[in-house]
Amino acid sequence: MRLTTNEGLSQSHVNAILKDRKGFMWFGTDEGLNRYDGYAFTTYKHNPEKAESLLNDVVVALFEDDAGNLWVGTASGLDRFDRSTDSFVHYGQETSAPLVKAIFQDSKGKLWLATSNGLYSFHVAGDALVRHLDQDQDASRPSHSIYQIAEDNEGALWLATERGLIRFNPQTRQFIRYTHDPTNHKSIGANHVRTVYKDRRGNVWIGTVGAGIARFNRRDNSFTHFRHDPRDGNSLSHNDIFAMT
């Protein structure tokens, strides 16, 4: 089955897809949020005359938390969909309203946002977004743009950014950045990191643009690489990696 604007999808550029626990399919596009029940679409868009409408029509990230809340990452910040009223609750309007690229829930239940202006944590009880900065960073300066978040077995967060890979310890608030070193073949391989993933064994895998996949070796803080080799038909098909599962 192919679902297009002819079937009611609001726009053909789909940024995010989610199947919720009720069986609905959700599609985030550049022109609104779409819910599909298997037969028809319901579309949600921003309406400047309705405060409870979608915050921004550009929907980049979708996430359902452990409690069943549906979170929507838009180009203007974070929304929570209220199923009882078919409306949206907005968060982070007191901040610089970053573009939310990914939403992640850690092993302790806290929500984290990968945004165009760095890393944010979200405290549901306080309805507040908290921005986390590098130790040497001024809050008024733009931060690294983050694409995705993963958590390792020690509770540290791994951040895929366009300026390298970052390991963030929520307890100590320490940032460790891993960048490409052309003199070291065991460095990450490329600074443009688009995706990060932890497998069942606890290995952290990194997808880069231009250097294929890297696997982090914790024992010596090095990386093992998997790249495309035109002489090897069983090698990686391409060196630009955008998603892993």
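Index from 1, following the sequence. Everything numeric in this text was worked out from a predicted model, so none of it was measured.
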Arg173 (side chain) donor-acceptor with Leu133 (main chain) under 3.5 angstrom:
no

For a side-chain hydrogen bond (donor to acceptor under 3.5 Å, both in side chains) check, start with the C-alpha distance between Ser87 and Asp82, then their side-chain angles and the critical distance, and finish with the verdict.
CA-CA 5 Å; Ser87 63; Asp82 188 333; 4.8 Å; no

Going by heavy atoms in the side chains, are Phe104 and Leu157 under 4.5 Å from each other?
yes

Would you mind reporting whether Ser145 and Lys101 have side-chain heavy atoms less than 4.5 Å apart?
yes

Has the side chain of Asn169 got a donor or acceptor atom that lies under 3.5 Å from a matching backbone atom of Gln174?
no

Sorted by chain and residue number, the ring-ring contact (aromatic ring centres under 6.0 Å, His included) partners of His192 (sequence neighbours excluded) come out as Tyr147

Measure the shortest side-chain to side-chain distance between Arg35 and Asp86 over non-hydrogen atoms and say whether it is less than 4.5 angstrom.
yes

Under the salt bridge (Lys or Arg N to Asp or Glu O under 4.0 Å) definition, can you give me all pairs with a residue in residues 190-218, not counting sequence neighbours?
Glu154-Arg218

In terms of side-chain heavy atoms, does Thr179 have a donor or acceptor partner in Asn191 at a distance below 3.5 Å?
no

Restricting to ring-ring contact (aromatic ring centres under 6.0 Å, His included), what partner residues turn up for Tyr197, sequence neighbours left out?
none

So if you build clusters from Ile, Leu, Val, Met, Phe, Trp, Tyr with side-chain heavy-atom gaps below 4.5 Å, do Val100 and Trp71 land together?
yes

Under a 4.5 Å cut-off applied to non-hydrogen side-chain atoms, are Leu18 and Leu70 in contact?
yes

So do Arg167 and Val204 actually touch side chain to side chain, heavy atoms under 4.5 Å?
no

With no hydrogens and no angle check, just 3.5 Å: does a side-chain donor-acceptor pair link Asn47 and Ser53?
no

With rounding to the nearest 0.5 Å, note down the distance linking CG in Asp152 to CZ in Phe216.
9.0 Å

Can you tell me if His180 uses its side chain to pair, donor with acceptor, with the backbone of Ile188 under 3.5 Å?
no

I'd like to know if Leu62 and Phe88 are part of one continuous hydrophobic network [Ile/Leu/Val/Met/Phe/Trp/Tyr, side-chain heavy atoms within less than 4.5 Å].
yes

May I ask whether Val130 and Tyr91 are part of the same hydrophobic cluster, defined by side-chain heavy atoms of I, L, V, M, F, W, Y residues being less than 4.5 angstrom apart, directly or through others?
no

Is the shortest side-chain heavy-atom distance between Leu78 and Leu111 below 4.5 Å?
no

Roughly how far, to the nearest 0.5 Å, is the CG atom of Asn69 from the CZ atom of Arg80?
5.5 Å

Would you say Thr115's side chain and Gly118's backbone share a donor-acceptor pair under 3.5 angstrom?
yes

Linked, directly or transitively: Val196 and Leu159 (ILVMFWY side chains, under 4.5 Å)
no

Matching residue for His132 among Trp112, Phe122, Phe175 - test: ring-ring contact (aromatic ring centres under 6.0 Å, His included):
Trp112

Atom of Asp65, atom of Arg21 and distance for their closest heavy-atom approach
O-NH2, 3.2 Å

Donor-acceptor side-chain pairing of Glu52 and Thr85 below 3.5 angstrom
no

Looking at residues at least two apart in the chain, or sitting in another chain, which of them share a ring-ring contact (aromatic ring centres under 6.0 Å, His included) with Phe63?
none

Stepwise side-chain hydrogen bond (donor to acceptor under 3.5 Å, both in side chains) check, Thr74 with Asp79
CA-CA 8 Å; Thr74 79; Asp79 267 357; 5.7 Å; no

Would you please test Ser10 and Thr29 for side-chain hydrogen bond (donor to acceptor under 3.5 Å, both in side chains) and show each step?
CA-CA 7 Å; Ser10 63; Thr29 76; 3.2 Å; yes

Got a sec, which hydrophobics cluster with Phe242, joining ILVMFWY side chains under 4.5 Å apart, including via others?
Val209

Under 4.5 Å between side-chain heavy atoms, counting indirect links through other Ile/Leu/Val/Met/Phe/Trp/Tyr residues: same cluster for Ile17 and Ile103 or not?
no

For the side chain of Ser116 and the backbone of Leu99, is there at least one donor-acceptor N/O pair under 3.5 Å apart?
yes

Rounded to the nearest 0.5 Å, what separation is found between the CG atom of Leu165 and the OG atom of Ser187?
11.5 Å

Side chain of Arg163, backbone of Arg177: donor and acceptor closer than 3.5 Å?
no

To the nearest 0.5 Å, tell me how far Thr161 OG1 sits from Tyr178 OH.
13.5 Å

Checking side chain to side chain contact (heavy atoms under 4.5 Å, CB included) for the pair Tyr44/Val59: CA distance, chi angles, key distance, verdict?
CA-CA 10 Å; Tyr44 301 91; Val59 177; over 6 Å; no

Side chain of His46, backbone of Gly32: donor and acceptor closer than 3.5 Å?
no

Side chain proximity check, Phe223 to Lys186, heavy atoms < 4.5 angstrom:
no

My understanding is that only residues two or more places apart in sequence, or in another chain, count here; which of them pass side-chain hydrogen bond (donor to acceptor under 3.5 Å, both in side chains) with Asp57?
none

Donor-acceptor pair, Asn34 side chain versus Leu9 backbone, under 3.5 Å?
no

Decide yes or no for Asp30 and Asn15: does some side-chain heavy atom of the first lie under 4.5 Å from some side-chain heavy atom of the second?
yes

Rounded to the nearest 0.5 Å, how far apart are CH2 of Trp26 and CZ of Phe81?
4.0 Å

For the side chain of Arg83 and the backbone of Gly68, is there at least one donor-acceptor N/O pair under 3.5 Å apart?
yes

If you look at every heavy atom in Lys22 and Asp20, which pair is closest and at what distance?
N-OD1, 2.9 Å

For the atom pair CG (Leu55) and CG (Leu33), what is the distance rounded to the nearest 0.5 Å?
12.0 Å

Show the numbers, then the answer: is there a side-chain hydrogen bond (donor to acceptor under 3.5 Å, both in side chains) between Ser235 and Asp229?
CA-CA 6 Å; Ser235 69; Asp229 183 349; 5.7 Å; no

